[in-house]
Each structure stands twice: as structure tokens, then as C-alpha cells.
Amino acid sequence: MTNIGPDNRAATAPPLNEMLGLYRTMVLIRAFEQRFATLVLKGTFSGAGHLCVGQEAVAAGVCAALRNDDYVTSNHRGHGHCLAKGVDPDEMMAELYGKATGTCKGKGGSMHIADFRRGMLGANGIVGAGLPIACGAALTAKLTKSGRVAVAFFGDGASNIGAFHESLNLASIWKLPVVFVCENNRYGEATPVEYALAAEHVADRAPAYRMPGVIADGQDVLDVYAKAREAVSHARAGDGPVLLECETYRYFGHFVGDQARYRSAEEVESFRARDCIIRCAEQLTKQHGVRAKQLEDIAADAEGRLDTAVAFAESSAIPDAAEIMTDVYSEVRR
Amino acid sequence: MTNIGPDNRAATAPPLNEMLGLYRTMVLIRAFEQRFATLVLKGTFSGAGHLCVGQEAVAAGVCAALRNDDYVTSNHRGHGHCLAKGVDPDEMMAELYGKATGTCKGKGGSMHIADFRRGMLGANGIVGAGLPIACGAALTAKLTKSGRVAVAFFGDGASNIGAFHESLNLASIWKLPVVFVCENNRYGEATPVEYALAAEHVADRAPAYRMPGVIADGQDVLDVYAKAREAVSHARAGDGPVLLECETYRYFGHFVGDQARYRSAEEVESFRARDCIIRCAEQLTKQHGVRAKQLEDIAADAEGRLDTAVAFAESSAIPDAAEIMTDVYSEVRR
Amino acid sequence: MTTERVITFREAITEALRLEMRRDERVILLGEDVAGGAGRQAEGLSEAWGGAFAEYKGLFAEFGDNRVLDTPISEMGYLGAAVGAAITGLRPVAELMFVDFIGVCMDQLMNQAAFARYMSGGRVNVPLTMLTHVGAGVGMAAQHSKMLYSFFAHIPGLKVVAPSSAYHAKGLLTAAIRDDDPVVFCVHKLLLGQSEHVPEEPYEFPIGKARIARPGSDVTLIGAAMTTSVCLRAAKALEADGIDAEVVDLLSISPLDEETVLSSVRRTGRAVVVDEGFPRCGLAADVAALIAGHAFDHLDGPVKMVTAPHAPVPFSRPLELAFMPGPERVRAATLELF
Amino acid sequence: MTTERVITFREAITEALRLEMRRDERVILLGEDVAGGAGRQAEGLSEAWGGAFAEYKGLFAEFGDNRVLDTPISEMGYLGAAVGAAITGLRPVAELMFVDFIGVCMDQLMNQAAFARYMSGGRVNVPLTMLTHVGAGVGMAAQHSKMLYSFFAHIPGLKVVAPSSAYHAKGLLTAAIRDDDPVVFCVHKLLLGQSEHVPEEPYEFPIGKARIARPGSDVTLIGAAMTTSVCLRAAKALEADGIDAEVVDLLSISPLDEETVLSSVRRTGRAVVVDEGFPRCGLAADVAALIAGHAFDHLDGPVKMVTAPHAPVPFSRPLELAFMPGPERVRAATLELF
Ligand SMILES: Cc1ncc(C[n+]2csc(CCOP(=O)(O)OP(=O)(O)O)c2C)c(N)n1
Ligand SMILES: Cc1ncc(C[n+]2csc(CCOP(=O)(O)OP(=O)(O)O)c2C)c(N)n1
Ligand SMILES: [Mg+2]
Ligand SMILES: [Mg+2]
């Protein structure tokens, strides 16, 4: 498999039902994040909230290329990855509320959402930590011949930390079935990628590990989907890991509340102008004759889904005080 | 500066006096290591001993390209680097004996020899740890405009650890005056480089950091010297870091006592056949008409130097018991 | 007569850094987004953050990109670079945004900075300050809420301080920057907004000195950083119980001011050590063992410890609040001694 | 009647691994040169090492490169891979050659392996064993001679064991591999040659149980790993002083067998905790604080600690020997209690 840039689009568009699925996922993710942001600003719950609004095409496109039993490791900006991998919005919202019905009984929160039934091995609060873990999941797949693939989602900033280097080298020499998906949203917190990264593209680092490096247009879900499918089948076929860089952008600050004074309004506009959801909507209407009404329904469904999730979360109980000492070990101590 | 392989030799050979200097350094290093090995095997002193016999051309060639006040960080195989940087053999030997007159008062030992008067910032027991430290020394040079350059010596095995990645990226974006010298001796302990390194050459990783990568024939001191000079002047000129890989070999095991069963006798022979000292001796005699006698004298001088060093070490006192608690902090506590 | 100037703990940190950077050009600051918008001075987009906790606002503007350096997300790389800079003549202040990240760079602190002097026979100084943020209470869960200062205190060669208020923050940070040994400066997130009178001129508060935050005669409550105020609130509550509690604010975790701790306990005969860290091999156990070993004959009862439970920091707000040692737990433990 | 089989601590480790790998194919071993000569099976150059301390000899030959994996020098990478493998169904044993290297990979143990269960609300097991080598005495100086088990004990979610002999090494390693939580298995380098009777069949020694290594009535000497034998030698020497010392061998550092420690001290009324680790926030302080808090009323004197000094491990042989706590120091500390 060869290094192909965003310029040459993946030829064949997927069938309508797949496109609608990708669209639905992106809309749900955005609705979830916007609802989350509103709640954070209302002070409904504490903690850091990292929104992936603008990056929905990456989570949606990559996870659509995966099997249910494939593995995913995520980072601090993980809501989209979780939703795209099929984690239940009710449980996710309850987790953000710190309720006992949350994916993690309210003990993990936004940065630690995990759902092993869905192969979601966990969001992560430590930059780069998900990459070695994905290698381990891929090692399990390889040794047990389960045919599964592992995907590690991480950011441009994470590509400068040691764990990135060690993971790509290890995955390459062991030919692990793992796809390293870099969401290059041009910033690590307030630091521009062109300052922190001593390379033009993160994918330029793939050759240093004898690994194919691919760049996808992260604002185009079809390009992401096509290249992710190629990368995943490469890994699943036993041909080793792939580094897939998706060029994208986060519309909001690093966390809810960040004024993002480190970038210009023009820059934000230039990416919003290429919004992944609007773009997919156009393709659906123009190329597939999908009626606007149907798209409105999808948006309405998403909002409805979130009303349910919020209602579920709010009506759920907070964890029992005894929960502080449970789940520390497999057996409860003393 | 461009990526040049071992095939195209650095054109001009240095003047005779410089060549003799390089030769003397290599001979001294080998004599030191052989004396050290004998003493370890005799059980004279404890601890791990990592010999650089076979790799002398790298330490000699690189350090000859440096100023006295330039910085060097080393690794666990650091005797050669120290000697080439001008550290006193008496104090080094005393350090190995654990005597109070050692470079580190006997508190550091083989893996921690340092001599700040010579810019030798320390051997290191942690693989890869010297690279970030060299970046810091280079940062000092850059900010104080001292015109100094820092060199980090490390092995092929170290190029797979996170600190390598972070250091090369950091040095590149900050354009630090540092030269990363990888001594690729084909093994990290008992692990062959072709197994552990997901690249053909360590220097292949330089582009991932927008950095020149250069490969030198580590068995040819002139090639190392020429390419090191080029790399050092590149760094000193403020043009940023360079990754210089020297293809070399350690004749003995990883440590004194390692039987090195992981490699074939033929392989060892093939490198011994290209021994850096013999090769330099031939160039000196054939091309510069240096008489064999003069080379014998150099060898004899080295042995004599070591007799003195051993005598110095053996006649030195062991550290006072109170030394356990001194040098922990700038002031002695309590 | 002018009124005393009152500033926050956060501003005290900024001021200590500004004054030391003016005083000594060898002092530099490096870390992730200590400025923000790196490389965008031209577009006027630089210093967008001034640190994740905004303690460095104004420093980039005053000292520029040669002395205030944003780093990539490479803790091992830049902390190691700070070590290399320190042993070659600079006096770097390196920020580790959350102490929980020490897991990716501990080697440069533990095996390099801490041991360089000793391993070289005392032939080098390591004037490095690592400023880091500790503690729970901000809803960031297990990977962003630990204390971990016991890790640093365990390692010979490191000094560790944990100021409890703005005044001591400025004095201890100044002392740390001027110190020739590596110093870990622990900032509890919940203290950043605390404010009090802080003198405008530069001053050092000596590393290794504790203070009596409140004199008392019946029992010694020992705290550090956040738990000092917890002890003070407990002491207030204990008045109603007719108990006159003394509160010792450790300030320095290593070296520990053993004399102040021991003489207080010898006077009161009772000790309660309060620490937000985990209980096993933590600061509370360390201080309790010191007392049990050296003030035993003066003790009227067991040495009590009030710490976080042996459990990761939970996310859910009510659990997190119950996780942190509060005044009522300190009061209850104290009453058991009477 | 056949004579009992005697093997070394090193062989006990090999045997525990071999038996568990035969019993459960999910058990894999990974680390640097756990085989050696990786990729050279064809040339017959593989398994050149069987580990830097030769504990794995024969395992590669029996189980092959799918279950005995040599890694690059990438501790964060392969320890993290072990965590990922553990949460997806394998039972990895990852070697960290020297515990001192934890500085380059602590995150995967501290924030990932230890917290995965808790942060996910108990929805995952982390059956990971990290085998590592601790301690001084081999002339390798400050960066290869630390104990550091107090770091692991400090972190909730981790279990930590430190066997003192071949019998317990086999039983505890078997238990660690079968445990569903991450266990740090600490091997003191100087114990590898120790030999005693070890049953051939597989058996578990329970994690969390200490043992009375020598019964006594006058004082309790508490040790772990190497210091257990130090305590036993001190106890022997104390006989001449007319003192009958009991020796508790902790074996498990976390969870700690508080009951065995406390009941012994309640009987003897005196305690001396002996630890090769650094004194500040270390194991000795932890155990001393436990005693001071829960056996105070039974104590006839202060809780004594005999530890390494608050200094890095020096290279010079005489200094290194003086650095390590020996029987005479334990005896002297004990005599101060009488
Ligand atoms: C090891 C570590 N260092 C620093 C941080 C603080 N931090 C959290 S997110 C972040 C930026 C990550 O940037 P990137 O990888 O590009 O992901 P993005 O936020 O852009 O999605 C930083 C520095 C951390 N969580 N872990
Ligand atoms: C972080 C770390 N991991 C592992 C080791 C153990 N170790 C010491 S030397 C060595 C091999 C280093 O190989 P290389 O970098 O090629 O240097 P060489 O020994 O070949 O000169 C290893 C694995 C260590 N000292 N530090
Ligand atoms: Mg980013
Ligand atoms: Mg090598």
C-alpha cells in the first residue's frame, strides 16, 4: 500500500446506506459534544471537557471500517471515538454526570470512558499512552489468531512523545495488526503543529518505521473511510501496521472554556467552510438525491437521542459512597 | 549538508600530525579497555564493564572534531568517549578501582564517569538518557552564545527508546547545536539490530525530524573524522542538529563475561578484518611513510601510560566512609 | 500608612519567577504552553495561555522566546534538556503540568538530576526547579489528581516543597530557583486562588523549614499544602471540644524540618498527620514513623494518620469530595486520642 | 525415601514460569533479551541469554517466539503492550531488567495497569506480572541498585511482592501470574543464587501473607527480600545478648499482612523494621507507622528503623557494603530497646 495524499480522492464512493450511516454517526457525535458543552458551561458537572466538534469525520470514517470486535484506544478527546465504536450514549452521558449507571460507574469520567463489550479499551488522560496499549491488543489478536485489528487514535501533539516512537517501532518489527490514526487538528493545546513537529506531516514519520504512511482529508468522511478501510485490511491481512494521518481541525478550544487566542478567526473559518457534516450532506443530496427532510430527521433523531441520554443520566443515582473502595483490586481488600 | 554513505569516502585526508593524534587516541583506548578487562577478569573490582574495543574510531574521530569546551554525553560504554575527550586515565582508572582519587571520588564507577572540566557530562547507566541532556547543554550554548556544540553518543539499541525521538524532535525545532552520534555496533545486548530496528539504518530516521542523516564507516577513523567535522561545523554554524550514524562493531561481548553466543565467529572475523587501528596504521605507513618503529612506540607509550594509571589507582586511598553522605546535596545535611 | 498588598498564590508564583528572571539571566522557564501560540509573535497570537494554570502570564512578553520556551509534548525530552542546561550553567524552571505525568519522565529527575552531583563526586551543581501541580478536587479523576510528592521525597538528592499559601509560595519558589540542587515545587491546584499579603520585594523562605501555623498545647496536627488549611479548620472545630490543637505546616517535604515536628509533638504528646496522598509509603507514614521513632517517650497515644484512601481518585464529584481528607475526619481522629 | 530436591531462587523462577506457561497458553513472557539472539533461530544462535540474569533459560526453546518475546529497548512500549495484552485476554509476564529503569515507563504501570479496573468501574481484569530486579551489592552504582518497591506499594491497584527465598519465589510468582491484578514481582539480585528445597509441582504462596521466619518473644525484627536474612543473622547474634528475637518476613509489600506484623509486635512489645530502601517515605516508615498507629499500647519503646541512608548507592565497594543495612546495625538498633 502506498502513500496517497488528500489530493487524489479515494475513487469509488460507498453505497448510500453506508454514507447515511457515516452521516448519522457524525451528526450524533456533534450533537453529543454540543450538548456536553452546554452542560459544562451551565456548571452541571466538573472536570475537563475536550470537544471533537469539527473532527467527527475521523472517528466516524475510521470506526466504520472496523468490526464490532476490533479494538480501539483513544485519548483525552474521546467522545467521538466512543460513539463511533458503538458505546451507548445513555451510559456515556451518565458517566459524564458521574452517575452509577455510567460506562465506568461514574468513576472514570470524560477522559476514561471505556466499554470492553464494544472493543473500546479506553479514553486516556495521558498523551500517547493509548499507543502501546493498542499494540498489546494487537498482540493478543495476533497470538490468538482472532483476526481482530486494533486502532490507536491520537493527536498531532502526541506524535512528539516517546510512546509514539516506541509503539510504531514495536508494531513494525512484530508486524502487529494495528492502525495508528493521527488526528492532526493542527494544535496540541495552544501549540501549533508547525512549531512542535519537526516534520511537515506526521505521516512523514512512517518510513522511519518501515511502515506505510497515509494522509487523509479529515474533513471528508469518504476519504477517511476509504483510506481507513485500506489500512485496516492491510493490518488484518497480516501485512503489519499503518500510520494514517487525518488532517482535521477542532472548532472550539482545547477544552471547554479555552478562548483559543493562539489562532486566527480566518483559520477557523477556512476549516468551518469545509465542514465534514455539511460536505457529506451536500454529497447525499446532490449525488444521491437524498431529500433535505431526511437529513433534518437524522439531526432531530440525534437531538432526541440526547434528550433521552440526559434524562437517563439525570434520573440515575450517584454512586454509593462505598464505591470509593471497590474495583481497586479484583477482590475487595480487608 | 547531504546524506553521504560510507561508499563515498571523505575526499581529503588530514595532515600527518592529526592522523597520528587519531591513531594515538585509538591505541590508548584499546589499551585501556584491554587492561580494564584483565582487571575485571582477575576480580580486581566489581560492577559491569562494557568494552568499546573495535569501536575506537568513533570516539577518536568524533572527539577530534570537537573543541575542548564542547560538550559530550555518553552511555554505559563510555571509556572511549572519556579518553578521547581528554579525561585523565589515572583518574579514570582510579574511578574503576573505586578510589577517592577517581574522576568521581569512586562514587560513580564505569557507568558514571564524568569530567566537567573536559566537557564530559557523564557516562550513563540509562539507555537514551544522555540525548536529552545533550540537548540541554546545546541549549545553554545557544542561549549564552558560547559557540559550543554538544555531542550525544548512543547505540543502535538506544535509537528505539522514546528519549531518542523526543530529543531529535526537540533539537530540530529549536535548532540546537547538537550532533547525535549513533554507534551502530549491530547489537543491543544480545539483540541484533535487524530485529529491533524497524529501519535499515538508524540514519534513515533523520528525515522524520527534518535533520541531515549521515552514515560513516565506523571502522575508518578518517571517514568518521571527516563526517564528524562536517556535522559539528553544521551545528556550530547554527544550522541545527545532525544525526551521524557510525557503522561499527564491538569485538567482545556486551559486558566482560558475555560469551556473545548470539553472533557467528565469521561475523566477528569480518569486522576484525577491517580493524580501525590496523587500517589507520597501514595508511600511516603506506601513505605517509611513518616507520613501524614509531607506531610501536605509540603502542608502548599507551601501555606505559596504563602502567602509571594502574599504579596511581592501586596506590590511591579508598574513599572515607563519611563519603557515603557527602555530595548528596550542595550543603551537607544535618 | 498604606494598606498591605494582597495577591493570589498564582500571582505570587508569577512574581517570584519575574523577579528571579530579572535578577539572573541564567533563569529560564520551559514547559508545555508556558507561553502558548508558540512561533506566532508576528501575528500577535503568542502568550495565548501563560501556562495551563495561567501562572506565567506576562513572562513571555517581558523575557521573550529565549527565556520562556514552549516545548512539544515531550516531558522526557525537555525535562532532560533542563537537566543538561542546569549542569552547564543555566538555572531552568521546568514545568510538569500535572505531577501525574511524571510516569513518562521520572528517569531524568530520579536517575539524572537527583544523582548527578553524587555520581560525579560532587563536581557539579544541578540548579533545576521542577514546578508541578498536585492534588484532587477539580474533577479530573485518577490520572490528573495525585499528590506523589512522596516519590520525590524518597529519592536522595531531590528537595521537595509544598507551599500552603501565597506568601510561602513566593518565598519557596525564590529559594528553589536560587538553590544549587534540584527542587520539586508542588502547587496544589485548589490553592492557586488563595490570596494574602505578599511583600513586593524578592525574598526567600528557607527550604527545610516548617512553621507553626497555629500554636496549641493539647495535640499536634501536621499538614502540608491543602491539608494545612484542613488542619486549621479542624483545630477551630476542636475548640468546641475543649481541645487546643497546634498546627504544623510542613512546607518542605524534603528535607523535612524534623526539629519543628518533634518539638511540637514532645510538647503536646499527641500527633495527627494529615496528607492528601495515598497512605502506603506516603508522607503521612513518613512523618508518623519519625514521631514514633524519636518522640515515643512523649506520646500519650498512637500516632494518627488521616490520608486519602488506598484507591485511585474517583471522578464522580461526591466520591471525589469524600476521597479528600476533610476537617471532620481530622477532628474525629483527634478525638480518639482524648 | 528420596532426598528433597534443592534448587536455586533463579531456577525456582524458571520453573514457576515453565509450569504456568504449560498450564495456561495465555501466559507469555516479554522483555529485553529474555531469549537473546532474536530472529536467529535458523543459525542456532537464539536463546543466547535467557534474560540478563539467566532466569528464562529453556523457555524460548520450549515455547518459541510466540510466547517468549524479545523486545527492543522500549520499556514504555513493551510494558504498555503488556497492559494492552492483559486487558484483552492474555496473561503477560513483562520483565523490567532493573527496577531503576521504571523511570522510563512508570506511566504504563502507575496510570494504566494500576487504574484500568477502577477507572472502568471494575469492568476489566489486568492480569499482568512485572518481574524486576532490585537492590545493591553488585557494584553497579546508583542507577542499577535501588529498591523502589515503595513506589509500587504507594499506588492503589498494584500488588507488590518481594520473596526472600527460592520456595517463596516459586509460590509467589505462580500466584502473581494467576492473579487478575497487576503484580510487581521484585527479585533481589543477591538472592538469585540462594537455594533450598522447592517442591516440583506447581503451588501458590498467597499474595498478602507474611511469615514468621523465626519465632521469638523479646523483639520483632521485620524484613523483606534480602533484609530477612539480615534479620535472621541479627537474631542469631542477639542470642548472645540474651535476647530472643522474632523475625517477620513480609514477602508481600502490598497488600501488607498487617495482622501478622501487629500480632507479633503486640506479643514482643518491641519492633525493628529493616529495609534496604531509602528511608524517606519508604517501606520501613510505612511499617513503622502501621505499628505506631495500631500497636502503640503494646510498645515498650520506640519503633526502630534500620534502612539504607538517604543517599544514592555509591559505586566504591567499601562504601556500597556500608550502604546496605547489615546484621550489626540491626543488632545495635535492637539493643537500644533494652
Ligand atoms: C504526557 C502528557 N503530557 C501532557 C498532557 C497535557 N495535555 C493534555 S491534552 C494535550 C494536547 C494534546 O495534543 P494532541 O495530541 O494534538 O491532541 P488534541 O488535544 O489536539 O486532540 C496536552 C499537552 C497530558 N495529558 N499527558
Ligand atoms: C532504559 C534502559 N533499558 C535497558 C537497559 C539495559 N541495557 C544496558 S546496555 C543495553 C544495550 C544498549 O544497546 P546499544 O544502545 O546498542 O549500545 P551498545 O551496548 O551496543 O553499545 C541495555 C538493554 C538500560 N541500561 N536502560
Ligand atoms: Mg492536536
Ligand atoms: Mg549496540
Side-chain angles (χ1 to χ4, degrees), chain C residues 76 100-112 114-115 118-119 141-143 146 148-157 253-256 273 277-297 299 301-305 309-312 314-315, chain D residues 76 100-112 114-115 118-119 141-143 146 148-157 253-256 273 277-297 299 301-305 309-312 314-315:
Chain C
M76 186 74 89
D100 309 71
F101 307 160
I102 196 67
V104 304
C105 57
M106 184 66 169
D107 180 69
Q108 285 292 337
L109 199 63
M110 172 176 90
N111 284 320
Q112 313 303 331
F115 294 170
Y118 195 85
M119 296 190 305
Q143 293 177 342
K146 295 188 280 302
L148 299 188
Y149 45 27
S150 58
F151 279 14
F152 308 125
H154 187 62
I155 300 298
I253 309 303
S254 181
L256 189 73
V273 192
F278 301 123
R280 296 298 317 282
C281 302
L283 177 65
D286 182 79
V287 175
L290 170 74
I291 295 166
H294 297 86
F296 180 80
D297 300 337
L299 284 175
V303 183
K304 293 281 182 181
M305 290 195 268
H310 185 70
F315 166 71
Chain D
M76 186 74 90
D100 310 71
F101 307 160
I102 197 65
V104 304
C105 59
M106 185 66 170
D107 181 69
Q108 285 293 336
L109 199 64
M110 172 176 90
N111 284 320
Q112 313 302 332
F115 294 170
Y118 194 85
M119 295 189 307
Q143 294 178 341
K146 295 187 281 300
L148 299 187
Y149 44 28
S150 58
F151 278 16
F152 308 126
H154 187 62
I155 300 298
I253 309 302
S254 180
L256 189 72
V273 192
F278 301 123
R280 296 298 318 282
C281 302
L283 177 64
D286 183 79
V287 175
L290 170 74
I291 295 166
H294 297 86
F296 180 80
D297 301 336
L299 285 175
V303 183
K304 292 282 182 182
M305 292 196 268
H310 185 69
F315 167 71

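A note on names: the letters A, B, ... follow the listed sequences, proteins ahead of strands, and every chain is numbered from 1. None of the values given here were measured: they were computed from a predicted structure.
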Please identify, among C:C281, C:A285, C:G301, the residue contributing the most non-hydrogen atom pairs under 4.5 Å to chain D. C:C281
Proximal component of C:L299, with respect to chain D [non-hydrogen, under 4.5 Å]: both
If you look at every heavy atom in D:G293 and C:P302, which pair is closest and at what distance? O-CB, 3.6 Å
Less than 6.0 angstrom separating the ring centers of D:F296 and C:F296, yes or no? yes
Please flag which part of D:P314 lies under 4.5 Å from any non-hydrogen atom of chain C: side chain, backbone, both or neither. both
Write down the atom of C:P312, the atom of D:F115, and the distance for their closest heavy-atom approach. CG-CD2, 3.4 Å
Can you check whether C:P255 reaches D:H310 side chain to side chain, under 4.5 Å on heavy atoms? no
Run the side-chain donor-acceptor check on residues 102-109 of chain C: report pairs under 3.5 Å with partners two or more places apart or on a different chain.
residue : atom : partner : partner atom : Å
C:D107  : OD1  : C:N111  : ND2          : 2.7
C:D107  : OD2  : C:Q112  : NE2          : 3.2
C:Q108  : NE2  : B:A129  : O            : 3.1

Identify which of C:P309, C:A295, C:A289 forms the greatest number of heavy-atom pairs closer than 4.5 Å to chain D. C:A289
Of the listed residues (C:L283, C:D286, C:L148), which shares the most heavy-atom pairs with chain D below a 4.5 Å separation? C:D286
When C:L290, C:I291, C:D100 are compared by non-hydrogen pairs under 4.5 Å with chain D, the top option: C:D100
Checking D:A141 against chain C: side chain, backbone, both or neither under 4.5 Å from a heavy atom? neither
Quick one: of C:A114, C:G277, C:A142, who has the most non-hydrogen atom pairs under 4.5 Å with chain D? C:A142
Interchain contact, D:F278 with chain C, by part (heavy-atom threshold 4.5 Å): both
Heavy-atom side-chain contact between D:H154 and C:H154 under 4.5 Å: no
What option among C:D297, C:V303, C:V287 has the most heavy-atom pairs under 4.5 Å with chain D? C:V303
